Amino acid sequence: MWYENRVTQDLSIKYPIIQAGMAGGVTTPELVAAVSNAGGLGTLGAGYMSPEQTRVSIKKIKQLTNKPFGVNLFIPETPDISEEEIDKANEWLQPFREELNISERPKVKKPTASLFKEQIEIIIEEQVPVCSFTFGIPPKETVQQLKERNSIVIGTATTVKEAIANEENGLDMVVVQGSEAGGHRGTFIGSFEEAMIGTMALIPQTVDHVDIPVIAAGGIMDGRGILAAMMLGAQAVQMGTAFVTSVESGAKKPHKEAILNSNEDQTVVTSTFSGKPARGIRNEFITKMTRHEKYLPKYPIQNTLTTSIRNEAAKQNRPEWMSLWCGQNPRLSKPVSAGEIISDLLYQIDDIINTSRKGWS
Ligand SMILES: Cc1cc2nc3c(=O)[nH]c(=O)nc-3n(C[C@H](O)[C@H](O)[C@H](O)COP(=O)(O)O)c2cc1C
C-alpha cells in the first residue's frame, strides 16, 4: 500500500500525513486529536505556549485520542536587546496602536531559553510520542533525553545542508520546508533568501543526501501533492495551511476567511510582524512596514512588540493588520472538518492510483 513505510511504522500511524504544529492558537487539542483519530499525526504548536498551557493542552489531547500525536517547539533565540531599535520600532507601530486604542507599550525582556527547557521537561513527563522542532536543532542531550523516553524526534530544514545537520545531531526524521510554505521559515544556517528552495527541488536533493526519512512541507494541499512528494522520495507530508481553515482550527475567523478567499499570487514573505521571515497574505500592515523591515528588532523581540496589535486587530475584525500566515496554494483550502480533509485526501489518492493502474488517458 502507498502508505506503508518507515514513517508510518516508526510513528505508529496509518497514513503519512502530518498536520503541522502551528503556534498561536491554530492547533487546538480538538484539531490535533481529529487528525490523529483519522489516521494521520496531529501536532500541537506549542511554540508560544507557557509550560502550564502546554501541559493542559497535552492532557486534553490525551482525553480526546488514544492515538499518537506530536508537540512542536521553537528552538530559542536570544538576541541582545537594543533600546534604540525598540524605540524606533515603537514609533513606527504607534499609528496602528492608536487606531486600535491600545494605550500600553509592551515591556520587552531579554529572551531566554528557560521556557524551552521547561517545555521539554513537560514533554518528557507526559511521554509525548513525537516531538518536532523548528528554527534550529535541539541540543544533542535533549535529543538523547527524548529518545530515551521513546519519543520520535523530528527536525526542520530548508536546505540539504540543514537536513544533514539534523541527521548528524541524531534527529529521527526531517521535515523539508519548501519556499511555498505558509508561516515562519525554519532556516537556521545562512541567509533565508538563499534558502528559498521550492518543495519540488528540495525533496529529491535531500533524499539523496540523508538516510533519515524526509517529510515534505510547502504547498501540499491535496492528494496530487501528497503523491507527487512521495514520488520524489518523501515518506510523508506535513500540511499547515490546509488545516488552518478546518472547523476544529483555532485560527481567528478573519484569518480563515482570508485564506479561503486568496489566490496563489497574494502571499509574501515578511519579517515585519515578528522579526523573522514568514509567509502570509499581503495586507496593509505589511505594505506600510516593509520599508522599515531592515531596521526592525530581531525575532522574538519584534514579535513581542506586535502581539497586542495582532490580537486587537483580530478582535476588531481588522484582517489588514493581522498576520495571516498562508502557503502559496490557498485556492485549494476548504472550510471543512479535519476528518473530512483527511478522507478527501485519501479518496483523491485512491482515485489517482486507480487511474494510473488503468493507464493514464
Ligand atoms: C498558520 C501557520 C503557523 C505555523 N506555525 C508553525 C510552527 O509553530 N512550527 C512549525 O514548525 N511550523 C509552523 N508552520 C509551518 C508548517 O510547519 C509548514 O512548514 C507549512 O505549513 C507547510 O506549508 P503549507 O502551509 O503550504 O502546507 C506554520 C504554518 C502556518 C500556515
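The structure displayed is predicted, hence computed values, not measured ones. Values below: every heavy atom of this structure, side chains too, minus hydrogens, waters and symmetry copies. Order of appearance sets the numbers: ligands from 1, and atoms from 1 within every ligand.
Thr156 and Gln177 share no donor-acceptor pair across their side chains, judged by distance under 3.5 Å alone. Between the side chains of Thr158 and Glu162, at least one donor-acceptor pair of N or O atoms lies under 3.5 Å.
Residue Phe133 does not touch ligand 1, judged by heavy-atom distances below 4.0 Å. Proximity of Met22 to ligand 1, defined as any heavy-atom pair under 4.0 Å, is shared by backbone and side chain alike. When heavy-atom distances to ligand 1 are checked against a 4.0 Å cut-off, Thr241 comes that close through both its backbone and its side chain.
The minimum heavy-atom distance linking Ser262 with Ile281 is given by the pair OG-CD1, 3.2 Å. Shown here for Phe69 and Ser36, the closest heavy-atom pair between the two residues is CB-OG, 3.8 Å.
Nearest to atom 22 (C) of ligand 1 among the protein's heavy atoms is Gly218 N, 3.4 Å. Ranking the protein heavy atoms by distance from atom 27 (O) of ligand 1 puts Gly240 N, 2.9 Å first. Given atom 13 (C) of ligand 1, the protein heavy atom at minimum distance is Gly21 O, 3.4 Å. Of the protein's heavy atoms, Trp325 CB, 3.5 Å lies nearest to atom 1 (C) of ligand 1. In terms of protein heavy atoms, atom 26 (O) of ligand 1 is closest to Gly219 N, 2.8 Å.
Using a 4.0 Å cutoff on heavy atoms, Tyr48 does not count as a contact of ligand 1. Within the 4.0 Å heavy-atom cutoff, Ala242 does not count among the residues contacting ligand 1.
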Output a table of donor-acceptor pairs, distance under 3.5 Å, between side-chain atoms of residues 264-273 and any protein atom two or more places apart or on a different chain; print 'none' if there are none.
from: Glu264; atom 1: OE1; to: Arg331; atom 2: NE; distance (Å): 2.6
from: Glu264; atom 1: OE1; to: Arg331; atom 2: NH2; distance (Å): 2.8
from: Glu264; atom 1: OE2; to: Arg331; atom 2: NH2; distance (Å): 3.3
from: Gln266; atom 1: OE1; to: Asn263; atom 2: N; distance (Å): 2.8
from: Thr267; atom 1: OG1; to: Arg279; atom 2: NH1; distance (Å): 3.0
from: Thr270; atom 1: OG1; to: Thr272; atom 2: N; distance (Å): 3.1
from: Thr270; atom 1: OG1; to: Thr272; atom 2: OG1; distance (Å): 2.7

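Of all atoms in ligand 1, numbered sequentially from 1 with element shown, those under 4.0 Å from a heavy atom of Gly327 are 26 (O). Ligand 1 places these atoms under 4.0 Å from at least one heavy atom of Gln238: 17 (O). Against a heavy-atom cut-off of under 4.0 Å, Ala20 is close to the following atoms of ligand 1: 16 (C), 17 (O). When each atom of ligand 1 is checked for a heavy atom of Ala23 under 4.0 Å away, the hits are 5 (N), 7 (C), 8 (O). Listed by atom number, the atoms of ligand 1 under 4.0 Å from Phe74 heavy atoms are 7 (C), 8 (O), 9 (N).
Ring geometry for Tyr299 versus Phe135: interplanar angle over 60°, hence perpendicular rather than tilted (30 to 60°).
Polar contact with ligand 1: absent for His184 (N/O pair, distance under 3.5 Å).
Using modelled atom types, no side-chain atom of Gln19 and backbone atom of Phe243 make a donor-acceptor pair closer than 3.5 Å. Judged by distance alone, the side chain of Ser249 and the main-chain N or O of Thr245 form no donor-acceptor pair under 3.5 Å.
The residue from Val237, Asn72, Val175, Leu324 that puts a heavy atom closest to atom 9 (N) of ligand 1 is Asn72. Residue nearest to atom 18 (C) of ligand 1, selected from Gln177, Glu180, Gln19: Gln177 (by heavy-atom distance). Compare Ala46, Ser333, Gly182, Ser132 by their heavy atoms: the one nearest to atom 20 (C) of ligand 1 is in Gly182.
For the pair Lys62 and Glu126, the salt-bridge criterion is met [side-chain N within less than 4.0 Å of a carboxylate O]. Taking a cutoff of 4.0 Å between a charged side-chain nitrogen and a carboxylate oxygen, Glu125 and Arg55 qualify as a salt bridge.
Checked against the 6.0 Å centroid threshold, His184 and Trp325 count as a close aromatic pair.
A chain of hydrophobic side-chain contacts below 4.5 Å, direct or via other Ile, Leu, Val, Met, Phe, Trp or Tyr residues, connects Met173 to Leu41.
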